[in-house]
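In what follows, every chain begins at residue 1, and chains take the letters A, B, ... in the order their sequences are listed.
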Amino acid sequence: MLSSSSFPVPPSPAPLINRCQTISELNQIHAQIIKSSRSSSHPLILRRLVALSPSHGFTIHLYSRWLSSSPHLQTLRLSLPSVLKSCGRHSSVEQAKQIHGQILKAHFQLDPYVSNSLLRTYFELGEDEIAWRVFEKMPQRDAVSWNSAVSGFVRSGHFGFARRVFDEMPQKDLVSYNSMVDGLMKWNRCDLARELFCSMEEKDVVSWTTMISGYVLNFRPKEALEVFREMLSSGVEPDAAAVVNVLAAVADLGFPEEGKWVHAYLRRSNIKLNSEVLGSALIDMYSKCGLVTNAYNVFRSVCDGRRVGDWNSMISGLSIHGLGQEALEIFEEMERNKIQPDEITFIAILNGCSHSGMIEEGLYYFKLMKDKYQIEPRLQHYGCLIDLFGRAGLIEEAMRIIGEAMPMEPDAMAWKSILSSCVKYGLVTYGEHAATKAIDLAPQDSSSYVLLSNIYARNKQWEDVERVRELMREKRVQKVPGCSTVMIHGKVHEFIVGKEMGVGCREVVLSKLEEVISRLKMEGYEPDVTQVLVHVGEGEKEGLLSIHSEKMAVAFGLLNLEEGSSIHIVKNLRVCCDCHSFCEVVSKVYNYEIVLRDQNRFHHFKGGSCSCKGYW
DNA sequence: TTAGGGTTAG
């Protein structure tokens, strides 16, 4: 450790302060500054302190100490934004109000620089009404004040107010437009956002990134990529934030071609690859596109092993590929390297355990999280435990988590997790109970109804199946149609249940499928006709089942790709049992590898078996 | 330097 005397304070200590990476480094410089009684450096110290995000208590302590030494007004003025920022970040409403009082006492409310910080802090604390009063009472509003009000209301979800402030603004600049476009996107109004964006005379990298992230947010990754291409041709150079969003769009789509191109673009660009979150975005993109080896290579080469997010992305990537053991090894390496795991790390770990059927390990890490790392398990962690037991068929243990172990009320997701395990193991009574709870909590979510009706159908309770259908009609719940996409020679083809394909395409695909199914039957494949929502004649049912979107995608792949190659499919819902065994047999009989990403995870079918080993 | 876009999550 360096002694404080080895840090002579230069004429301007700013560069030294900003270079501090740890609180103790900062403390040493602080000691020097106090000795040289250069109190004008206090605001810089405070700003760096907040950037290093220590405890809020420490920030307040330091600030109060300065306050009691009656600093110059200018010193106080420059310190206020940092202290307020800390209050906002640590949800300290009372402290913020106290500082508000001090501001009024010193008449700083006349100063937009100070009032704007106050405004932002109240929005961040969820105190919209106070924020609005501060805004209304401001004797002088500058561009920052107006823009803070717009973005404050956008963030808090009061879009109506954001629009009003935006419309009333005396002068709009780029920041105002970008905030408004962002608000429209967050409010799911892609069309209006696009319109406003197009009307802008000047667009900077933030404007383009706002559009890209907005489309990603609204589950429209294709449009996000189109905007990125437009951006490149318009001559605006992307930065790290832009690329992170583009990678998120590629990860959503699930086909790596575009992602590889973005990665190559990054290497050529001036963007620093190991900066901030780019590494974890790349890892995530490769894992979600099925290339977990590429993800691993990025993790080893691009990332420096210091950011918890990189580790989390890697663990989560291995987990969704069913590589639970490998995920645990990465976690152990993380512990050896003294990287502090966070709550996301444990969600990824627990998810990995549940996708690999590792019950003992899952329970061990759940305990480790609480005991060693003092991370209080949240709803999501309990959800993972429920999933862990449920997937393994241990429904009673899963129910015990809900009934006894967790201190909070289960959400719809927890009940749906129980429900889908009941479908898998044919447990009608538990399934009915879980479905009732899930529907209660999320009445518009069609999946609970569909799962319940599948349990009944499997048990041949056709009247109950009809009852569920009636309930759906009553509540106007629309079933989400299954959709599978497959990439053939660089072009994405989409198959949606109940939606017409291109002219002639349907006939070709269906006749191929028919041929495939009859060949598979000779190899022992028996279509499982129980997972159909509608009760119809046996022959008809088989027909309905055969058009699940992933089957069409497989048939299309067989038609267009050479034997021995890999068919890469992305599906929006969870794969059903029948399609799962269909893919298994296809991979053996036809000698194709099938890589299928469903709603939850990856299935790699090869030589008649699947990497998920039945855990999905 | 008080205002706008940023990864990992059952």
Heavy-atom donor-acceptor pair, A:R89 side chain to A:V50 backbone, under 3.5 Å: yes

Below 4.0 Å: OP1/OP2 of B:dG5 and any side-chain N or O of A:S213: no

Phosphate contact (B:dA3 OP1 or OP2) by A:R155 side-chain N/O below 4.0 Å: no

Contacting residues from residues 292-307 of chain A, given that a heavy atom lies under 4.0 angstrom of DNA chain B: none

Separation of B:dG10 C1' from A:Y365 OH (nearest whole Å): 19 Å

Between P of B:dA9 and CG of A:N600, the distance in whole Å: 12 Å

Whole-Å gap separating C1' (B:dG6) and CD1 (A:I271): 12 Å

Heavy-atom donor-acceptor pair, A:S356 side chain to A:G322 backbone, under 3.5 Å: yes

Atom-pair distance (OH on A:Y122; P on B:dA3), nearest Å: 17 Å

Enclosure of A:E409 CD (heavy-atom neighbours >12, cutoff 6.0 Å): no

Ring-face cation contact, A:Y177 with A:K172, 6.0 Å cut, 45° max: no

Base B:dG5 to side chain A:T209, donor-acceptor N/O within 3.5 Å cut-off: yes

Nearest-angstrom distance from the residue atom OH of A:Y615 to C1' of B:dG10: 17 Å

Length of the line joining A:M408:CE and B:dG10:P, which is rounded to integer Å: 16 Å

Plane angle bin for A:F299 and A:Y296 - parallel if under 30°, tilted between 30 and 60°, otherwise perpendicular: tilted

Side-chain N,O (A:N245) to OP1/OP2 (B:dG5) below 4.0 Å: no

Ring centroid separation A:Y430 to A:Y425 under 6.0 Å: no

OP1 or OP2 of B:dG5 under 4.0 Å from side-chain N/O of A:K203: no

Between B:dG5 (P) and A:F228 (CZ): distance, integer Å: 19 Å

